[in-house]
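Below is one structure, written out as structure tokens, with a few remarks after it.
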Amino acid sequence: MTSERVAVESAKGVNGLEKIILRETRGSSAEVYLYGGHVTSWKNEHGEELLFVSSKALFKPPKAIRGGIPLCFPQFSNLGPLEQHGFARNKFWSIDTDPPAFPTNSSSKAHIDLILKPSEEDMKIWPHSYEFRLRVALGPGGDLMLTSRIRNTNSDGKPFTFTFAYHTYFSVSDISEVRVEGLETHDYLDNLQNRERFTEQGDAITFEGEVDKIYLSTPTKIAIMDHEKKRTFVLRKDGLPDAVVWNPWDKKAKAMADFGDDEYKHVLCVEAAAIEKPITLKPVVNLILRESSRVAEDPLLWSLYVQVS
Ligand code: TA6
């Protein structure tokens, strides 16, 4: 098969970092770097890029790639003792050659399973043993699906608690012509006002300046409408009650070395997240004991489905 028709291909990306290219039969594609388990590209069947990656993104560990879909785990933002947004996006992931059966088998072959487990070194930072399995898949219609399955493998029986987000950077034509529907009337914590709690007004959200809000207990579906391109992203999330909306605007854009001064005009982050109510996972009882007792805790399953209409 010539390369453009291979459903899953390993390649060298920026700075020689390994990436996986996914291709759907009708022409859509996606790319995910093993560094960070980081999706950096999602193109529709016309080859149009739907995610934003900064022209100044470094692709240089340990700095996270600026754009795409960084994974925020086990901590969102600075809501805890770990580095900003946790460490999953700064680690090298591996290809999961023997993933547990997937509850919903996608018909598309264009998918990859990655896995992240802590090293001894990592355990000094966050003293828990876990298996974080990420499946990145393209649906037959070109929608992008990310599913995270996180398992607590602590042998000491200790549960662990974490917060999480898919920190998705959507590419938009002009932020001043973008509307977000589905979050109106919901409460949010405003990161620009000491995370004070407010209630969103009745209309769709539009953008005239910096926004950094954590919307709470939000609907499964959120629509991001790009007026100029007549394009609507429909973000669908399962198991992720919250949603972060962020645009740095001009001042913050200038302050970020890995972000172009004017790039804020062409990006909007809408992030499926679990923040207000951190998730606590009990350990899976080990295999021997497990056979004689009920399964302690099935791995969590979260999916982010993003389709474009
Ligand atoms: O999700 C929004 C946010 O928490 C903002 O406050 C801003 O810090 C953004 O994430 C980017 O964070 P990063 O660590 O990737 O620069």
Side-chain angles (χ1 to χ4, degrees), residues 8 10 13 15 17-22 30-41 59-77 79-103 111-137 144-156 158-168 239-240 271-275 278-284 286 297-304:
V8 182
S10 174
N15 294 339
L17 292 173
E18 188 177 354
K19 67 179 180 182
I20 303 295
I21 304 169
L22 302 175
E31 294 187 358
V32 49
Y33 277 75
L34 295 195
Y35 176 56
H38 199 134
V39 175
T40 54
S41 173
F59 287 85
K60 198 163 175 299
K63 178 76 181 150
I65 299 166
R66 175 68 64 192
I69 308 180
L71 298 169
C72 302
F73 172 85
Q75 173 188 296
F76 177 79
S77 187
L79 296 167
L82 301 175
E83 60 194 294
Q84 162 97 341
H85 290 326
F87 46 67
R89 64 177 184 167
N90 309 91
K91 298 272 171 219
F92 282 94
W93 291 56
S94 312
I95 293 175
D96 188 4
T97 50
D98 181 24
F102 212 74
H111 65 264
I112 188 75
D113 290 297
L114 303 180
I115 186 164
L116 179 70
K117 290 193 272 192
S119 64
E120 286 302 309
E121 208 47 35
D122 297 336
M123 300 278 280
K124 291 177 189 153
I125 310 277
W126 197 58
H128 297 294
S129 176
Y130 62 86
E131 292 169 357
F132 183 160
R133 287 183 166 84
L134 173 72
R135 173 170 284 193
V136 181
L144 176 65
M145 296 177 276
L146 273 67
T147 303
S148 295
R149 294 187 284 179
I150 299 174
R151 178 165 282 199
N152 177 341
T153 51
N154 277 337
S155 54
D156 59 7
K158 282 204 184 103
F160 60 63
T161 298
F162 60 92
T163 49
F164 179 96
Y166 290 109
H167 194 301
T168 307
L240 295 166
E271 309 161 31
I275 300 169
I279 305 277
T280 296
L281 263 193
K282 300 190 201 78
V284 174
N286 73 41
E297 189 71 25
D298 280 335
L300 263 169
L301 181 63
W302 297 321
S303 292
L304 163 70

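None of the values given here were measured: they were computed from a predicted structure.
Not counting sequence neighbours, Q75 has no partner by the side-chain hydrogen bond (donor to acceptor under 3.5 Å, both in side chains) test. Partners of S119 according to the side-chain hydrogen bond (donor to acceptor under 3.5 Å, both in side chains) rule, which considers only residues two or more places apart in sequence or in another chain, are D122. Taking T153 as the reference, S129, E131, R151 meet the side chain to side chain contact (heavy atoms under 4.5 Å, CB included) condition, with sequence neighbours excluded. Residues that satisfy the side-chain hydrogen bond (donor to acceptor under 3.5 Å, both in side chains) test with H167, not counting sequence neighbours, are E271. Listed by chain and residue number, nothing satisfies the salt bridge (charged side-chain N to carboxylate O under 4.0 Å, His left out) test with K60 (two or more places apart in sequence, or in another chain). Among residues two or more places apart in sequence or in another chain, the side-chain hydrogen bond (donor to acceptor under 3.5 Å, both in side chains) test is passed with D113 by R135. In this structure R89 satisfies the salt bridge (charged side-chain N to carboxylate O under 4.0 Å, His left out) test with no other residue, sequence neighbours excluded. Residues satisfying the salt bridge (charged side-chain N to carboxylate O under 4.0 Å, His left out) criterion with K63, sequence neighbours excluded, are D258. For P127, the side chain to side chain contact (heavy atoms under 4.5 Å, CB included) criterion is met by no residue, not counting sequence neighbours. Residues meeting the salt bridge (charged side-chain N to carboxylate O under 4.0 Å, His left out) test with E121, sequence neighbours left out: K124. F160 pairs by the ring-ring contact (aromatic ring centres under 6.0 Å, His included) definition with W126, H128, F162, not counting sequence neighbours.
Taking every heavy atom of both residues into account, H111 and A137 meet most closely at CB-CB, 3.5 Å. Annotation for L281 and I150: closest pair CD1-O, 3.2 Å, computed over non-hydrogen atoms. Across every non-hydrogen atom of L114 and Y33, the tightest pair is CD1-O, 4.5 Å. Listed here is the closest heavy atom pair of L240 and A272: CD1-CB, 3.7 Å. Summarising the geometry of A64 relative to N90, their closest heavy-atom pair is N-ND2, 3.6 Å, with the distance given to 0.1 Å. P100 and R149 make their closest contact through O-NH2, 3.2 Å (heavy atoms, listed as atom of the first residue, atom of the second, distance).
A 4.5 Å side-chain heavy-atom check between L146 and T168 finds every atom pair outside the cut-off. Within the 4.5 Å cutoff, side-chain heavy atoms of L22 are placed close to those of V8. Between F132 and P74, the closest side-chain pair of non-hydrogen atoms is not below 4.5 Å. When side chains are defined from C-beta on, L134 does not count as touching I112, because their heavy atoms never get closer than 4.5 Å. Two residues are said to be in side-chain contact when any heavy atoms from C-beta on lie closer than 4.5 Å; P70 and H38 meet this criterion.
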*Tell me, with the steps shown, if V136 and I69 meet side chain to side chain contact (heavy atoms under 4.5 Å, CB included).*
CA-CA 11 Å; V136 181; I69 308 180; over 6 Å; no
_Stepwise side chain to side chain contact (heavy atoms under 4.5 Å, CB included) check, I20 with I95_ = CA-CA 10 Å; I20 303 295; I95 293 175; 3.8 Å; yes
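Here the side chain of T161 pairs no donor or acceptor atom with the backbone of P278 at under 3.5 angstrom. In this structure a side-chain-to-backbone donor-acceptor pair under 3.5 Å is present from W93 to A88. Side-chain atoms of Y35 come within 3.5 Å of backbone atoms of P62 as a donor-acceptor pair (strictly under, hydrogens ignored). For the pair N15 (side chain) and L17 (backbone), a donor-acceptor distance under 3.5 Å is absent.
With values rounded to the nearest 0.5 angstrom, S94 atom OG is found 8.0 Å from L116 atom CG. Separating the CE atom in M123 from the NZ atom in K117 is a distance of 12.0 Å, to the nearest 0.5 Å.
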Which donor-acceptor pairs under 3.5 Å do the side chains of residues 79-87 make with protein atoms, sequence neighbours left out?
| residue | atom | partner | partner atom | Å |
| --- | --- | --- | --- | --- |
| H85 | ND1 | S77 | N | 2.7 |

